[in-house]
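Below is one structure, written out as structure tokens; the observations come after it.
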Number of protein chains: 2
Amino acid sequence: MSLHDTSKSVNCHAMSDVLNRIGDKWSVMVVGMLGRNGTLRFNELKRMINGVSQRMLTLTLRNLERDGLVTRTIYPEVPPRVEYGLTEMGKTLDGPISKLWDWSSEHHTAIIEARSVYDARATAVAAAEPRKVAYAQG
Amino acid sequence: MSLHDTSKSVNCHAMSDVLNRIGDKWSVMVVGMLGRNGTLRFNELKRMINGVSQRMLTLTLRNLERDGLVTRTIYPEVPPRVEYGLTEMGKTLDGPISKLWDWSSEHHTAIIEARSVYDARATAVAAAEPRKVAYAQG
DNA sequence: CAGGATCCTCGTCGATACTG
DNA sequence: CAGTATCGACGAGGATCCTG
């Protein structure tokens with residue numbers, strides 16, 4: 001088949017590295033938001049992303065900027081204004097992320113359901129098996 | 001434009017929830033591997049994934065199973081044999097993940113480069129600005 | 001408004017040892 | 001082989017306060 005262990009290792013490394021950034025929840029959010037809205041200010045992002053702390057948003061943006069995915073434009077005004085946008089590379093990432101996004105909203109319900117099924121079964125099994133305790137105490 | 005804040009919030013929630021699972025490095029790896037190879041045993045996955053601990057692989061597989069993305073088949077033999085595969089929903093996830101995978105290997109180099117550029121600039125700025133210290137100490 | 005600095009907590013993960 | 005159980009270390013991340 002099409003599986004070469006060597007190339008697999010290399011891809012694995014690249015994925016591993018890239019995933020450390022883009023696999024991050026907030027990064028995906030930021031790229032998604034910027035991909036949809038073009039350009040946003042710090043507090044606009046903060047409001048839209050819902051749950052992100054100021055610290056995390058700052059760090060996320062810095063990392064994305066460092067990786068060449070996000071541009072940071074400072075307007076020397078008062079009050080200060082900083083706008084964030086996607087670089088060309090960032091825009092190419094928006095494609096895959098959108099796919100992921102679509103997948104999420106499409107299958108979210110199914111996942112929630114699968115979880116409750118799994119949990120119900122797990123609980124049932126746990127309840128049906130107090131034997132361990134009985135033996136241990138007997 | 002096509003941005004509705006309300007639907008955004010909902011999607012944000014769904015993404016947030018889903019990303020907690022699939023945004024996880026190991027989960028992506030596992031789904032990727034299973035997507036490519038069809039079905040794999042525990043230690044096969046462990047060997048292929050390169051760096052995952054036995055504990056993390058177990059947890060990852062349990063979570064994926066719980067979310068209805070991975071099947072777990074136990075063969076009552078000795079020595080024990082357990083095979084993992086993707087569910088139908090899991091297979092649909094393999095698409096988006098493959099996109100991400102491809103993107104990773106395609107842009108990995110550019111990212112590494114962007115980082116070193118950024119770091120070089122950051123270092124230069126830090127070196128060019130000992131004024132703070134000078135003022136503070138003067 | 002946009003962030004830097006700090007503290008502190010909670011969860012994550014790896015290592016290890018044991019089981020069926 | 002395929003796990004479970006436990007512990008300890010570490011770092012991510014939130015809360016808070018402060019600056020330009």
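Throughout, a chain's letter reflects where its sequence line sits, starting with A, and its residues are numbered from 1. Here the structure is a predicted model, which is why all the values come from computation and not from measurement. The analysis underlying the following values was restricted to heavy atoms, covering all of them including side chains, and did not include hydrogens, waters or symmetry mates.
- Seen from the ring of Y118(B), R115(B) does not count as a face-on cation partner, given the 6.0 Å and 45° thresholds.
- The interatomic distance linking L57(A) (CG) with dA15(D) (P) rounds to 14 Å, in whole Å.
- The NZ atom of K46(B) sits 14 Å away from the C1' atom of dC13(C) (whole-angstrom rounding).
- What separates CG of L45(A) from P of dA2(C) is a distance of 9 Å, to the nearest Å.
- Scanning for salt bridge (charged side-chain N to carboxylate O under 4.0 Å, His left out) contacts around D102(B) gives an empty result, with sequence neighbours left out.
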Distance-only check: which donor-acceptor pairs under 3.5 Å involve side-chain atoms of residues 53-60 of chain B, not counting sequence neighbours?
residue : atom : partner : partner atom : Å
S53(B)  : OG   : M56(B)  : N            : 3.2
T58(B)  : OG1  : Q54(B)  : O            : 2.8
T60(B)  : OG1  : M56(B)  : O            : 2.7

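- With values rounded to the nearest 0.5 angstrom, E65(A) atom CD is found 6.0 Å from R72(A) atom CZ.
- With dG20(C), dG3(D), dA2(C) as the candidates, the nucleotide lying closest to the side chain of Y84(A) is dA2(C).
- Of the candidates dA2(C), dA2(D), dG4(C), dA2(C) carries the atom nearest the V82(A) side chain, counting heavy atoms from C-beta on.
- Applying the salt bridge (charged side-chain N to carboxylate O under 4.0 Å, His left out) test to residues at least two apart or on different chains, none of the pairs has a partner in residues 38-51 of chain A.
- With salt bridges taken as basic N to acidic carboxylate O contacts below 4.0 Å, one links E83(A) and R81(A).
- Of the inter-residue distances, the one linking R66(B) atom CZ with S116(A) atom OG reads 9.0 Å to the nearest 0.5 angstrom.
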### Query
Please walk me through it: do M89(A) and L93(A) pass side chain to side chain contact (heavy atoms under 4.5 Å, CB included)?
CA-CA 6 Å; M89(A) 181 161 66; L93(A) 177 56; over 6 Å; no
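- Of the side-chain N and O atoms in R41(A), one or more sit less than 4.0 angstrom from OP1 or OP2 of dA2(C).
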Output one line per pair: protein atom, nucleotide atom from nucleotides 11-13 of chain D, and distance, for all N/O pairs under 3.5 Å.
residue : atom : partner : partner atom : Å
dG13(D) : N7   : R55(A)  : NH2          : 2.6

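- Side chain of N43(A), nearest nucleotide from dC1(D), dG3(D), dA2(C): dA2(C).
- The distance between atom CZ of R62(B) and atom P of dT12(C), rounded to the nearest whole Å, is 17 Å.
- R81(A) has its CZ atom 17 Å from the C1' atom of dG20(D), to the nearest Å.
- Taking atom CD of E83(B) as the reference point, atom P of dG3(D) lies 12 Å away to the nearest angstrom.
- Between the side chain of Q54(B) and the base of dG3(D), at least one donor-acceptor pair of N or O atoms lies under 3.5 Å.
- The salt bridge (charged side-chain N to carboxylate O under 4.0 Å, His left out) search around K99(A) returns none, not counting sequence neighbours.
- Of the side-chain N and O atoms in R72(B), none sit less than 4.0 angstrom from OP1 or OP2 of dA2(D).
- Taking the C1' atoms of five terminal pairs at each end of the helix from dC1(C)-dG20(D) to dG20(C)-dC1(D), the two resulting helix axes are inclined by 50°, rounded to 10°.
- dG20(D) atom C1' lies 15 Å from atom CD of E77(A), rounded to whole Å.
- Atom CD1 in I74(B) sits about 7 Å away from atom P in dG3(D), given to the nearest Å.
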